[in-house]
Each structure stands twice: as structure tokens, then as C-alpha cells.
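One structure is given here, and the rest of the page talks about it.
All figures in this text were calculated on a predicted structure; none of them were measured in a lab. Counting starts at 1 for both ligands and their atoms, in listed order.
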Amino acid sequence: MNRIIRNILSVAVLALAGCSSAPQTETDRKVEELLSQMTLHEKIGQMNQLSGGAWLADQAAKGEVGSILNCVDPAEINAVQRAAVEESRLGIPILVARDVIHGFRTIFPIPLGLASTFDPEIVEEGARVAAVEATASGIRWTFSPMLDVARDPRWGRVAEGSGEDPYLDVQMGLAMVRGYQGEDLSNPASMAACIKHFVGYGAAEGGRDYNSTMISERSLRNTYFPAFKATADAGAATLMTSFNEIDGIPSTGNKWLLKDILRDEWGWDGMVVTDWNSAGEMIAHGFSNDLKHTAEQSVNAGVDMDMMSYGFIQYLEELVKEGKVSEAEIDRAVRNILKLKFDLGLFENPYVDETASAKVDYAPAHLEAAKQSAVESAILLKNEGGVLPLDKAKTILVTGPLADAPYEQMGTWAFDGQQEHTVTPLTALRQEYDVIWEPGLAYSRDRSTKEFAKVRNAASRAEAAVVFVGEEAILSGEAHSLSNLNLQGAQSELIAEVAKAGKPVVVVVIAGRPLTVERDLDNCDAMLYSFHPGTMGGPALADLIKGKANPSGKLPMTFLRDAGQAPFYYNHNNLGRPNNGTETLLYDIPIAAGQTSLGCTSYYLDTGYGPLFPFGYGLSYTSFKYGNPVLDKGEYTEDDVIRVSFELKNTGMREGTEVVQLYVQDKVGSVVRPVKELKGFQRVTLAPGETRTVTFELPVSDLAFWNIDMEYVVEKGDFNLWVAGDSASGEPVSFEVI
Ligand code: GLC
């Protein structure tokens with residue numbers, strides 16, 4: 001029976017059956033037509049994602065593989081694809097996936113570094129570069145962006161996200177989805193995004209990966225959902241469930257999340273994949289009796305595709321026959337999978353040109369984009385006496401285990417970056433200075449001080465010293481939590497050793513997370529912080545050190561004085577006994593002090609209250625003066641737009657870019673509200689002495705939150721508003737919502 005007659009019949013059958021899924025679009029029609037021809041076994045084969053390459057060809061030929069991950073060789077991908085397309089009964093192409101998290105071949109700063117740019121445009125450009133390079137190798141689906149709000153730097157996966165703030169998380173997530181998916185998913189240079197990990201994974205207790213989370217519905221809605229909702233509304237094609245359980249329910253088996261919220265409330269029609277064996281892990285969670293039970297629970301909860309538990313392919317046919325999973329559920333899942341494959345144009349264009357990648361990988365424009373991202377992601381934390389930029393020095397000492405570590409500077413989730421393409425800070429600085437190179441330590445955990453004498457001697461011969469410390473890539477990322485956030489090994493000792501020479505000391509930290517660097521700050525004149533900057537980190541840092549570029553990065557996470565302060569974040573709720581700066585510290589407490597004689601506010605006896613550096617903090621080689629913010633009105637209705645303007649002046653001697661930030665506080669709510677929340681930011685570049693009027697337009701509707709009645713509303717009342725260079729600065733102006 002030819003395809004035309006089959007088409008007419010399938011539409012007629014659907015119309016006669018009054019099927020609610022009567023095709024609305026051409027793609028829906030194609031999906032329904034194909035679905036109507038599939039056996040149950042073939043449908044379940046689409047729901048099966050396996051890790052591997054050519055050795056999966058036999059299963060692909062049987063129609064038992066819907067997607068593969070972790071194969072990046074174009075020839076191998078084509079081999080598996082040919083088996084699926086040319087040997088299986090229905091010829092349904094395979095969806096090829098990979099963790100392209102911050103670049104494919106050209107590695108950009110890790111996502112926490114990208115967030116430090118507060119520059120959605122450059123983040124989108126980086127995602128586009130990643131898509132161009134990855135699709136040229138045959139990848140059409142990336143497991144990115146990671147949208148997990150994270151407030152505990154002990155959790156190694158803070159490296160992969162956008163930090164502690166929901167608003168910044170939204171902006172970065174949207175930028176990445178735009179970059180990956182482009183305007184048209186069927187463009188062979190576009191790849192499907194995957195918003196992950198849904199949801200609350202970053203709230204793992206103790207910052208210990210895979211640990212339990214206890215998150216209220218209101219916190220989910222006000223803090224952890226926003227970036228998922230925004231990117232889902234913006235057309236993110238897929239979503240990944242998270243490993244964690246929330247209040248005892250693993251996300252992969254959580255129907256409230258995957259159906260009631262995602263489908264019914266948000267109306268999202270993308271495809272849901274589990275995390276790696278996260279279905280199977282529900283046995284260990286004690287939520288499932290066995291693998292068959294996990295398949296029943298996850299499919300009935302709303303999962304479409306199973307990454308590597310083998311539960312779906314092994315048990316779903318049995319479960320359907322036993323009536324524990326309906327074929328309608330299977331059809332729902334397969335529709336989402338087939339729709340994605342049609343949207344990607346895989347049926348028309350299943351194969352990759354095996355010569356394509358050589359033409360795009362590490363293209364000069366890609367390297368330039370990666371360098372600019374790294375420049376903008378670096379955060380200047382200290383610059384005593386304007387030691388930086390080192391624009392007059394001729395001979396400098398370069399030392400430290402991260403100065404010439406091409407693999408480490410790419411950071412976590414950089415599988416496909418080739419370290420031979422990495423340009424290290426040592427290599428780049430040698431283009432600018434006469435460099436005396438003494439590593440001092442071989443790697444970040446190195447505890448041997450046997451080379452320190454050489455470093456001390458070298459420092460005495462240099463005009464200044466630049467010490468590159470931080471973390472090897474393996475010390476952050478998945479399953480790499482730390483309870484101690486100080487520089488590992490003898491790195492702090494190395495900095496102190498260099499400081500003894502009495503020359504200007506610049507410390508550059510290259511790490512995957514905020515570290516507790518307070519003691520290191522005492523031993524240097526300047527500190528530049530760079531979250532694993534990627535392939536072009538060296539030239540970027542050299543330009544910043546030399547002064548060819550001016551730092552503009554801002555902290556996407558609060559920096560702690562001690563790991564014991566975690567979790568610590570700027571947008572915490574109002575407290576009944578907020579810190580008021582009157583704390584009595586440990587060694588100031590009188591002996592036999594009376595029980596209620598101390599501050600009775602929220603702080604630590606040993607470290608006090610404040611963080612080392614607040615969210616949004618970052619210095620520049622110039623300085624900026626903020627004028628008082630002026631509101632266009634004093635009262636607003638919820639349909640209004642708040643217009644706030646202020647003068648920003650570059651009061652220094654060189655051009656600079658300032659990330660101006662807009663914060664709002666809802667002073668009294670039907671539930672306790674955060675002390676302040678980021679509601680906008682802009683990158684403003686000013687020439688020396690230049691003054692500009694900067695304006696924010698903030699719809700009052702952006703002040704909505706989930707209230708005591710679990711309604712998403714703007715509540716009337718008094719608000720404060722700040723414009724500042726970080727979350728701890730500026731004086732508020734007030735307004736009222738009436
Ligand atoms: C990992 C990660 C997830 C990743 C997936 C595939 O365990 O949790 O982020 O995308 O497996 O590699």
C-alpha cells in the first residue's frame with residue numbers, strides 16, 4: 001500500500017476514532033502516521049537510550065535504540081544511523097546526544113564562569129559555536145543548560161550552573177537554549193537543548209552530591225522552577241529529570257513534577273529523558289522494589305526516554321500486557337520522541353558529513369569568542385594600590401600549578417576539548433613579558449614544598465610575581481563535593497613563600513567553584529578569579545594582567561570566609577533576628593559571660609556574619625560612581641512599568657565596563673520575602689570621565705511571587721529598590737504598589 005493511500009487512511013481512521021490527538025500540524029500528522037504503524041516493541045525501542053557507538057548497530061537494526069550518547073566519531077555515528085535507517089523495519093533515525101556543556105572542541109569557560117560575564121549575548125554566541133562544532137560531528141542533542149540554582153559551593157556541580165540567583169539563572173538558560181537551538185531546530189547546525197536537572201538537585205543537603213533535598217512547594221516555585229519555566233516557554237526541546245528526591249519522592253518518579261507541573265500547568269510539549277540510570281536508582285532510594293517497578297513508576301510519572309537503566313527495554317512490554325502501564329502512556333512518550341526527531345529534520349537528513357568537523361573545529365572565530373568569554377568571566381577581587389595591570393613590568397615570575405595546565409584549565413565536562421589546543425597563561429604571558437618560570441608545585445593537590453627555594457630565588461629576580469593556583473578539573477563537577485574549600489595542597493604556602501620576596505604579588509585563581517581564599521588575600525596585592533576559563537584562558541588572562549583588557553566579571557555566587565558558613569546566599573529571607581553588625585566574636589567574649597549577653601542575632605561566633613565577597617561583586621581597573629536612582633513615580637499598579645534612572649560615571653583613568661544591577665525588596669508579604677532579589681542587570685561601557693544616564697524598565701508584574709495561597713501574584717505594599725555594582729552596595733529608594 002503506497003504512502004499516499006496510507007496517509008489518507010490514517011487521517012480518516014483518526015478522524016473517525018474522534019482521536020483527541022487528531023494531527024494539528026504537518027509534524028503531528030507524520031508522527032501519528034508513523035506511530036500507527038509501529039509495534040509495541042518498536043515503540044519501546046524508541047524510549048531506550050544507550051551509551052555507545054558502532055557496537056549498538058545490531059540493536060539499532062532491530063529498532064531497539066531510540067538514542068545514543070557518548071559517541072562523537074562521525075563515521076561511527078553514521079554506522080549506527082545506517083543500521084537504524086536502512087536495516088530496521090521502519091527506518092526511524094537515531095537521536096545522537098552528548099554533554100556539550102561549555103563548548104565541544106573549542107572549550108569556553110565553565111557555565112559558572114559564563115554566568116560571571118552577566119552577558120547573555122556572549123553566552124548565546126558560545127552556545128552557538130558549541131552547536132556548530134558538535135553538529136558537525138553528528139551530535140544533535142546536548143544535555144545542557146544545567147539550570148540548578150546552587151547556594152552551596154561544597155557541591156562540585158556549582159561549576160556547571162549559573163550560581164545562586166534565579167533571575168541570572170533564567171537569563172543564562174535562555175541564552176544557551178537560543179544558542180543551541182537557533183531559530184530553526186531542523187537546521188543541521190542546530191541541536192536540541194536539554195534543561196536539567198529537573199528539579200532541585202542543587203539543594204543537596206550538605207552540598208553532598210546526590211543527597212536528599214527538602215524543598216517546599218513555594219521554594220520550588222519561587223526559586224528552583226523559574227529558569228525551567230522560562231526555558232520551557234522559550235521552546236527548550238527536552239528536559240532531564242534529576243537524581244535527587246524531594247521530600248522523599250525521586251524526581252524521575254514524580255508525577256506531580258513531570259505531568260501536573262510540566263504538562264498540565266506549564267503546557268510544555270517537549271521530551272523528558274531520565275538522568276543516567278536515575279530510573280534504576282529508585283531501587284537504591286527505596287522507592288522501587290526492582291527494575292521492572294522503576295520502569296512502571298517512571299513511565300507512569302511522565303518520563304519519555306530511559307537513559308541507561310535498561311528497565312524500559314526489558315520490562316515495558318510485560319508491564320503493558322499486565323495492564324500496569326497503558327499503551328496510551330507508551331504512545332505519549334513515543335509521540336514526544338518522534339516529534340523531536342521530525343523537528344530536527346532527522347528523517348530527511350539522518351547522516352553527518354564526515355568531513356565537516358575539520359572545517360569548523362577550533363575555527364579562529366570560535367577561539368576569539370572563547371577568549372572574549374574568558375576575558376569577561378574573570379572577576380577582579382582585590383587590587384591593592386593598583387598593582388594590576390602589570391603594564392610597566394618587564395620581567396615577571398610566573399609560578400603555581402595552574403599556570404601551565406592545559407587539561408585542567410578546561411574544567412569539568414570538557415570531554416571533547418583537546419588539550420593540545422589549549423593556550424595556557426604561561427604560554428600567553430611569554431608573549432608579553434620576560435618570564436621566569438618556576439612551577440613551585442606540580443598540581444593543585446601537591447603538598448611538596450621542595451621546589452619553594454627555587455621559587456623564592458626566582459621571585460627575588462623578578463619585578464613582580466603572578467601565582468596561578470586553584471583546582472584541577474577533577475576537583476569540581478559531578479560527584480566531587482568538598483567539605484574544605486581552602487586551596488588544596490601547599491598552594492597557600494606557595495603564595496606566602498612568594499610574598500616573602502617583597503615584590504608585587506598577583507594571585508590568579510583558576511577553579512570550578514568559589515573557594516575560601518581569605519587567608520590568601522592577605523598574602524597578595526591583587527587577586528583575579530577565573531572559573532576554569534577554557535581553551536583560550538591563557539590569552540584572556542594575559543590580556544587582563546597586561547592591561548589590554550579590563551576585568552568586568554561579577555560573582556554569580558557568594559564567596560564564603562569559611563565552608564562552615566554554607567549555604568550562604570544574598571537573597572535569603574528576612575529573619576526575625578537579622579544580623580545587625582553588633583556581633584561579639586569568639587575571642588571578645590568575656591569569660592563566664594551571661595547566657596543572653598551576646599548579640600542574639602544570626603551570625604557565627606567565630607566567623608561573624610558576612611561573606612568574604614557578596615553576590616554580584618567585582619572590581620575594575622577603573623572606578624564607577626553611582627548617582628541616586630530616580631523613579632518615574634512613587635506608586636504603581638500591577639500593570640505599570642517602573643522606570644528607574646541613575647547617572648553612572650567612570651571616575652577612573654581608563655575605559656571600563658560595569659555590570660549595573662537592579663535589586664528589589666518586597667518589604668512585607670503574605671509570606672516572608674527575600675531581603676532583596678536581582679531583577680535586572682546591564683553591562684555599561686564608559687570612557688574615562690564619561691557619565692551616562694542608565695535606565696531600567698521593570699514591569700511591576702516581574703515582582704510577582706507564589707504567596708500564602710500558592711497564587712502567583714504581585715502583592716500591594718511597600719518596596720525598596722537598589723541600583724548598584726553588587727548585592728551589598730547602594731542605598732534604596734522606595735515605592736509602593738497600590
Ligand atoms: C550524568 C549527569 C548528567 C549528564 C548525564 C549524561 O550523570 O548527571 O548531567 O547529562 O549523566 O552524561
4.5 Å side-chain heavy-atom contact, Pro153 and Leu515
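Answer no - side chains too far apart.
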Of all the non-hydrogen atoms in the protein, which one sits nearest to atom 11 (O) of ligand 1, and at what distance?
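Residue, atom and distance for the closest contact: Asp275 OD1, 3.1 Å.
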for atom 1 (C) of ligand 1, nearest protein heavy atom and its distance come out as Glu478 OE1, 3.2 Å
Ligand 1 N/O within reach of Glu160 N/O, cut-off under 3.5 Å
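No, since none of the N or O atoms of Glu160 sits under 3.5 Å from an N or O of ligand 1.
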Of the backbone atoms (N, CA, C, O) and the side-chain heavy atoms from C-beta on, which set of Met308 has a member under 4.0 Å from an atom of ligand 1: side chain, backbone, both, or neither?
neither
His197, portion touching ligand 1 at heavy-atom distance under 4.0 Å
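Only the side chain of His197 comes within reach of ligand 1.
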Residues two or more places apart in sequence or in another chain: which of them pass ring-ring contact (aromatic ring centres under 6.0 Å, His included) with Phe615?
Tyr570
List in chain and number order the residues that pass ring-ring contact (aromatic ring centres under 6.0 Å, His included) with His421, two or more places apart in sequence or in another chain; answer none if no residue qualifies.
Tyr362
Using the ring of each side chain (for Trp, its six-membered ring), is His197 parallel, tilted or perpendicular to Phe243, with breaks at 30° and 60°?
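It falls in the parallel class, under 30°.
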Salt bridge check, Asp275 against Lys196: does any charged N sit closer than 4.0 Å to a carboxylate O?
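Here Lys196 does not pair with Asp275 in a salt bridge, since their nearest N and O are not under 4.0 Å apart.
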Could you list which atoms of ligand 1 come closer than 4.0 Å to a heavy atom of Lys196?
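Matching atoms, with element in brackets: 3 (C), 4 (C), 9 (O), 10 (O).
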Numbering as shown, the atoms of ligand 1 that approach Asp99 to under 4.0 Å (heavy-atom distance)
4 (C), 6 (C), 10 (O), 12 (O)
